[in-house]
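First up is the structure itself, then whatever we jot down about it.
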Amino acid sequence: MWKFTFLFLIIILSCRSDDLSPDPGSVGYLFFPLELGSFIEYEVEETMYQFELETITNFQRRTEVVDSFINQAGEITYVIHQFERTFSDQEWDFVQTNSARLTATQGILIEGNLPLLKLSFPIAAGKIWDGNALNTMDKDEFAMDSLFSVYITQAQDTISETLTVIQEDNQDFVVNLVTNYEIYGLGIGLVYKEEVNLRYCTADDCIGQQRIDNGRIVKQSLINYGQE
């Protein structure tokens with residue numbers, strides 16, 4: 001018996017440490033890729049409601065990783081520039097600077113100095129975490145759904161492996177409908193985002209009819225990505 005135990009220990013101790021490292025694909029890191037020079041472009045449709053007036057605005061958005069540095073925690077922080085334009089033949093207009101970082105357990109995006117916990121690792125269907133865990137805002141539960149699902153982009157391109165993060169899911173079709181979710185593609189990052197916040201008329205003559213008093217719907221769809 002002692003010979004078997006001794007042989008087993010030799011096998012374990014002889015394993016290389018990198019053989020025991022987690023697979024980035026299975027952990028989920030590849031759904032939140034960060035690389036200098038990478039970019040993603042989106043088509044954005046924003047619909048605003050004010051009583052019976054509906055206004056639709058279409059424009060394009062681009063995010064590009066332009067720099068990186070080592071932060072105080074010894075992690076790599078990536079600097080991301082965000083651009084927008086109305087038409088595809090126009091030059092991009094700079095909008096703002098964001099940043100992002102990847103840790104062993106978190107995919108973090110900092111927007112306007114507000115850190116948001118976008119993804120939690122390792123990925124798992126039904127996993128729940130606080131998207132505001134790194135800031136002072138109220139707790140906001142995010143839920144992971146639809147792991148490794150197929151997604152077809154607006155340009156009819158097929159992304160074979162995606163995951164969905166449900167950020168808000170208040171299915172209230174009488175007073176206030178709020179649904180927010182994001183879809184991440186393996187090796188790409190964010191490929192689709194939708195935010196819905198609609199407040200319905202609750203007067204006696206219209207309650208339950210889903211007449212929108214005010215609100216907003218934003219749809220952000222992937223159209224291009226790559227490496228500069």
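Everything quoted here is computed from the prediction, not taken from an experiment.
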Closest heavy-atom pair and its distance - [X], [Y]:
X: Asn224; Y: Phe39; value: ND2-CE1, 3.6 Å
X: Phe83; Y: Glu64; value: CE1-OE1, 4.1 Å
X: Thr77; Y: Ser99; value: CG2-CB, 3.9 Å
X: Thr47; Y: Ile56; value: OG1-CG1, 3.8 Å
X: Thr162; Y: Ile183; value: CB-CG2, 3.7 Å
X: Glu195; Y: Asn180; value: CA-OD1, 3.1 Å

Intermediate values then yes/no, salt bridge (charged side-chain N to carboxylate O under 4.0 Å, His left out), Glu41 and Arg61: CA-CA 6 Å; Glu41 296 174 354; Arg61 176 174 290 154; over 6 Å; no
Do side-chain atoms of [X] reach the backbone of [Y] as a donor and acceptor pair under 3.5 angstrom?
X: Asn132; Y: Asp138; result: yes
X: Asn98; Y: Ile80; result: no
X: Gln167; Y: Asp140; result: no
X: Lys127; Y: Pro122; result: yes
X: Thr103; Y: Gln106; result: yes

Phe121 ring center near Tyr29 ring center (under 6.0 Å):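 Here the rings of Tyr29 and Phe121 have centres that are less than 6.0 Å from each other.
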task: May I ask you to establish whether Arg62 and Tyr42 are in a cation-pi arrangement, using a distance under 6.0 Å from NZ or CZ to the six-membered ring centre and at most 45° from the ring axis?
output: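 That pair does not qualify as a cation-pi contact.
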[X]-[Y] co-clustered via ILVMFWY side chain contacts under 4.5 Å:
X: Leu134; Y: Met137; result: no
X: Val178; Y: Val218; result: no
X: Val150; Y: Leu222; result: no
X: Val65; Y: Leu186; result: yes
X: Leu114; Y: Leu102; result: no

State, yes or no, whether a side-chain contact exists between [X] and [Y] at a heavy-atom distance under 4.5 Å.
X: Tyr151; Y: Ile188; result: no
X: Glu84; Y: Gln60; result: no
X: Phe51; Y: Asp213; result: yes
X: Gln220; Y: Leu190; result: yes
X: Val191; Y: Thr153; result: no
X: Leu116; Y: Glu111; result: yes

query: Using 30° and 60° as the class limits, which term best fits the ring planes of Phe32 and Tyr184: parallel, tilted or perpendicular?
result: tilted
Nearest 0.5 Å, please: how far is [atom2] in [Y] from [atom1] in [X]?
X: Cys201; Y: Gln210; atom1: SG; atom2: CD; result: 12.0 Å
X: Tyr78; Y: Leu34; atom1: OH; atom2: CG; result: 6.0 Å
X: Glu45; Y: Ser221; atom1: CD; atom2: OG; result: 8.5 Å
X: Arg216; Y: Thr55; atom1: CZ; atom2: OG1; result: 13.0 Å
X: Asp130; Y: Leu117; atom1: CG; atom2: CG; result: 7.5 Å
X: Leu119; Y: Leu163; atom1: CG; atom2: CG; result: 6.0 Å

field: Heavy-atom neighbours of Tyr225 OH exceed 12 at 6.0 Å
entry: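 Counting other residues, nucleotides and ligands, OH of Tyr225 stays at 12 neighbours or fewer.
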- prompt: For Ile110, does the CD1 atom have more than 12 heavy-atom neighbours from other residues, nucleotides or ligands under 6.0 Å away?
  reply: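 More than 12 heavy atoms, drawn from other residues, nucleotides or ligands, come within 6.0 Å of this atom.
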query: Do any pairs count as a salt bridge (charged side-chain N to carboxylate O under 4.0 Å, His left out) and have a residue in residues 148-160, sequence neighbours left out, and if so which ones?
result: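 For residues 148-160: none.
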query: Gln209: what forms a side chain to side chain contact (heavy atoms under 4.5 Å, CB included) with it, not counting sequence neighbours?
result: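 Checked Gln209 against side chain to side chain contact (heavy atoms under 4.5 Å, CB included); matches are Cys206, Arg211.
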query: When you look at Glu168 and Asn170, which way does the side-chain hydrogen bond (donor to acceptor under 3.5 Å, both in side chains) test go after all the steps?
result: CA-CA 6 Å; Glu168 301 285 347; Asn170 179 27; over 6 Å; no
task: Decide side chain to side chain contact (heavy atoms under 4.5 Å, CB included) for Asp67 and Phe69; before the verdict, give the C-alpha distance in whole Å, the side-chain angles of both, and the deciding distance to 0.1 Å.
output: CA-CA 7 Å; Asp67 199 1; Phe69 60 90; 5.7 Å; no
field: Under the salt bridge (charged side-chain N to carboxylate O under 4.0 Å, His left out) test, residues paired with Glu194 that sit two or more places apart
entry: none
message: side-chain hydrogen bond (donor to acceptor under 3.5 Å, both in side chains), that's the test. Do Glu43 and Gln154 meet it? Break it down for me.
response: CA-CA 9 Å; Glu43 190 73 36; Gln154 183 173 293; 4.6 Å; no
message: Running the 4.5 Å side-chain criterion over Ile, Leu, Val, Met, Phe, Trp and Tyr, what cluster does Leu198 land in, apart from itself?
response: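 Tyr49, Phe173, Leu177, Val196, Tyr200, Ile212, Ile217, all in the cluster of Leu198.
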Side chain to side chain contact (heavy atoms under 4.5 Å, CB included) assessment of Thr164 paired with Glu182: CA-CA 6 Å; Thr164 299; Glu182 295 181 336; over 6 Å; no
message: Walk me through whether Phe31 and Ile123 qualify under side chain to side chain contact (heavy atoms under 4.5 Å, CB included).
response: CA-CA 10 Å; Phe31 285 103; Ile123 58 174; 3.8 Å; yes
query: Run the side chain to side chain contact (heavy atoms under 4.5 Å, CB included) check on Asn197 and Asn176 step by step: do they pass?
result: CA-CA 7 Å; Asn197 191 335; Asn176 190 198; 3.1 Å; yes
For residues 89-97, dump all side-chain donor-acceptor pairs below 3.5 Å to protein atoms at least two apart in sequence or in another chain.
| from | atom 1 | to | atom 2 | distance (Å) |
| --- | --- | --- | --- | --- |
| Gln90 | OE1 | Thr86 | N | 3.0 |
| Gln90 | OE1 | Phe87 | N | 3.1 |
| Gln96 | NE2 | Gln82 | OE1 | 3.4 |

message: Per the ring-ring contact (aromatic ring centres under 6.0 Å, His included) rule, what does the pair list look like for residues 96-117, sequence neighbours excluded?
response: none
